Protein chains: 2
Amino acid sequence: MTVSRVVNGTGRVSEATRQRVRKAIDDLGYQPNQLARSLTQGRTRTIGIVVPDITNPFFPEIVRGAEDAAWAAGYTVALANAVEDQARERAALRNLAGHRVDGVIVCSPRLPDHELTDLLAAHPAAVLVNRKVHGAPAVSLMVDDLLGAHLAVGHLLGRGRTRLALLGGPDRSASAKYRREGFLAAMREAGVGVNEALLTHCEPNEEAGYEAATRWAQAKGGAPFDGIVAYNDLAALGAVRALNAAGLRVPEDVAVVGCDDIRMASAVAPSLTTLRIEKYGLGRLAVEMIFALQRGRKPADKTFAPELIVRESAP
Amino acid sequence: MTVSRVVNGTGRVSEATRQRVRKAIDDLGYQPNQLARSLTQGRTRTIGIVVPDITNPFFPEIVRGAEDAAWAAGYTVALANAVEDQARERAALRNLAGHRVDGVIVCSPRLPDHELTDLLAAHPAAVLVNRKVHGAPAVSLMVDDLLGAHLAVGHLLGRGRTRLALLGGPDRSASAKYRREGFLAAMREAGVGVNEALLTHCEPNEEAGYEAATRWAQAKGGAPFDGIVAYNDLAALGAVRALNAAGLRVPEDVAVVGCDDIRMASAVAPSLTTLRIEKYGLGRLAVEMIFALQRGRKPADKTFAPELIVRESAP
DNA sequence: TTGTAGGCGTTATCAG
DNA sequence: CTGATAACGCCTACAA
């Protein structure tokens, strides 16, 4: 008990014994066992983060923001990659619950609503990034996908591009759904027709973007499109490469708008017009919301407004 | 006890009670407490990973490789960002020890040898990436920095570039030191003189690369250099941008070689000549070595040979 | 100021 | 086949 008091700086301990304890701790290399501590206190000071894929440059910044905020409060982060896979996402959430994390941050979950609701219920606090689940015991941090889609479509239409293609995200992604809706709404509002053949789903990576754009470019009759709105920057990059490979110039023949503003977006040629999202701040806020939930408060959902960054791919 | 036996599938339990237990588990939403389990078993099935900065694209692939391997074995990963900061690296290592992780993987540690040795001693198993510490209780996974430097320098010299600059890494980084030695050795072996003013340290990011290259480019008397060997691709990218801003063309006026072959390297313009390192496999192997250490084996250190990828920045 | 008892949730071990 | 007991390392609550 006396050691416990010295280590935690709680209660009264005479200076003499305090010294003795300190010395013993040094001599023995004693490290308090956080497991035992957690077991009695009922909290682990650990926050779980689930991401679809840490090698997607969108997520490291979120994770970094979260880790910095967690660290500042003396918390540790447990990371899980869902690998864009429902089964693994489910297992990750269960696993974290077994480890009794004090809260989970789930980025872009792919699980259906009801299942997500159940899984989150096993956690003392939960924050959803890029997903809103009605009735789920979680706070949501959203990106305004509708606005984003309107910004992208509006920009392209304003530049005289009217035959627009949508390189949508994974069909189980919520943000992919919202952005698709935004895309269609913006087109409708502008009174511009949509070519169904130019709406597609794809995984959020370069390869998938390449393949999808290649299919379009190779459709007979030349390019029936002069603009692409992509789900994320990786897919956009793949599309640009595919267009170039097919002999189409970006932006002269086809303008491309990405999303996320990953670092690569400004470094590639042509540099990518994209929607910027404040990833680091989003990660920080997610952790702060976990803390708020711990204190019994239920913070309101927050929506981040994307900002259109105009670069060479769609000037 | 019976529940324990059912959950773990150990010992003999009658089919009838097994059913009853299963049902109760479902009804109650029971989740075994891993903390308690770890406390009795003396192992957490968790592996700690410390990286300097997860937003540096070099590390997510390593982390992903490690996580995949850990996951396959039923292990969880705890991530810590050292933020290129010794104090935080130290604290992270201690923190993970407090959490009784079964092993740590420390990527590119910046702490001095003796301190690292002490810190690692507190862990049941440790793998060092990009660092060899004599006498430390850890297996090292190295990149052959000497070879890498020779490849880079050899390539540039072979193309007739002789006034080479070294954009070295952080002065506390071990690989930065090895690469610097390799650079000097390669130059010496080729009988080419080195301009001391063209050797510098910099943080492993784009901004630092930009600043360093700007200083060189603005040195009076025009460009006294026609080639740059950079610590990593981020720094190389910054250098390319700086050179362009200073009115120098890459590769015509100055050729640039990076290191790591991050995805961005092939996407930027000019695309980056660089040294490829098998990051994902390295991460996987690190975890496998932790497992080997757990079984009481001490695997030999392994060195990964970088591969020169020739692209536009130094054709 | 210091120490004792009890319990957190699990498993190893031994008894029925 | 099933259950009782003790222990893992720590902290809360209550003595001394």
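A note on names: the letters A, B, ... follow the listed sequences, proteins ahead of strands, and every chain is numbered from 1. Computed over heavy atoms, backbone and side chain alike; hydrogens, waters and symmetry mates excluded. Just so it is clear, the structure is predicted and the values come from calculations on it, not from any experiment.
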* Enter the inter-axis angle for the ends of the helix from dT1(C)-dA16(D) to dG16(C)-dC1(D) (five pairs per end, rounded to 10°). => 40°

* **Contacts of Thr17(A) that satisfy side chain to side chain donor-acceptor pair (under 3.5 Å) - sequence neighbours left out** => Ser14(A)

* Structure fact -> When every non-hydrogen atom of Ser173(A) is compared with those of Arg110(A), the smallest separation belongs to CB-NH1, 3.3 Å

* Not counting sequence neighbours, which residues clear salt bridge (Lys or Arg N to Asp or Glu O under 4.0 Å) with Glu61(A)? List them please. => none

* Using a heavy-atom distance cut-off of less than 4.0 Å, which residues of residues 17-44 of chain B contact DNA chain D? -> Thr17(B), Leu39(B), Thr40(B)

* Asked: How would you list, by chain and number, every residue that makes a ring pair (Phe, Tyr, Trp, His ring centres under 6.0 Å) with Tyr75(B), sequence neighbours excluded?
  -> Phe291(B)

* To do: Output all residues satisfying side chain to side chain contact (heavy atoms under 4.5 Å, CB included) with Ser38(A), sequence neighbours left out; order by chain, then residue number.
  => Thr44(A), Leu35(B)

* Output every pair passing salt bridge (charged side-chain N to carboxylate O under 4.0 Å, His left out) with a member in residues 27-39 of chain B, not counting sequence neighbours, ordered by first then second residue. => Lys23(B)-Asp27(B)

* **Between Tyr280(A) and Thr55(B), a side-chain donor and acceptor under 3.5 Å** => no

* Structure fact -> Residue pairs passing the side chain to side chain donor-acceptor pair (under 3.5 Å) test with at least one member in residues 130-143 of chain A, sequence neighbours excluded, are Asp113(A)-Arg131(A), Lys132(A)-Asp301(A)

* Asked: Regarding Thr46(A) and Asp102(A), is there a side-chain donor-to-acceptor distance under 3.5 Å anywhere?
  -> no

Do any N or O atoms of the protein come closer than 3.5 Å to N or O atoms of nucleotides 13-16 of chain D, and which pairs are they?
none

* Heavy atoms of chain B, cut-off under 4.0 Å: which first and last nucleotide of DNA chain C, 5' to 3', fall inside that, if you could look? => dG9(C) to dT13(C)

* Structure fact -> Applied to residues 42-63 of chain A, the ring pair (Phe, Tyr, Trp, His ring centres under 6.0 Å) test, sequence neighbours excluded, yields none

* To do: Using salt bridge (Lys or Arg N to Asp or Glu O under 4.0 Å) as the criterion, list what pairs up with Arg88(B), not counting sequence neighbours.
  => Glu67(A), Asp68(A)

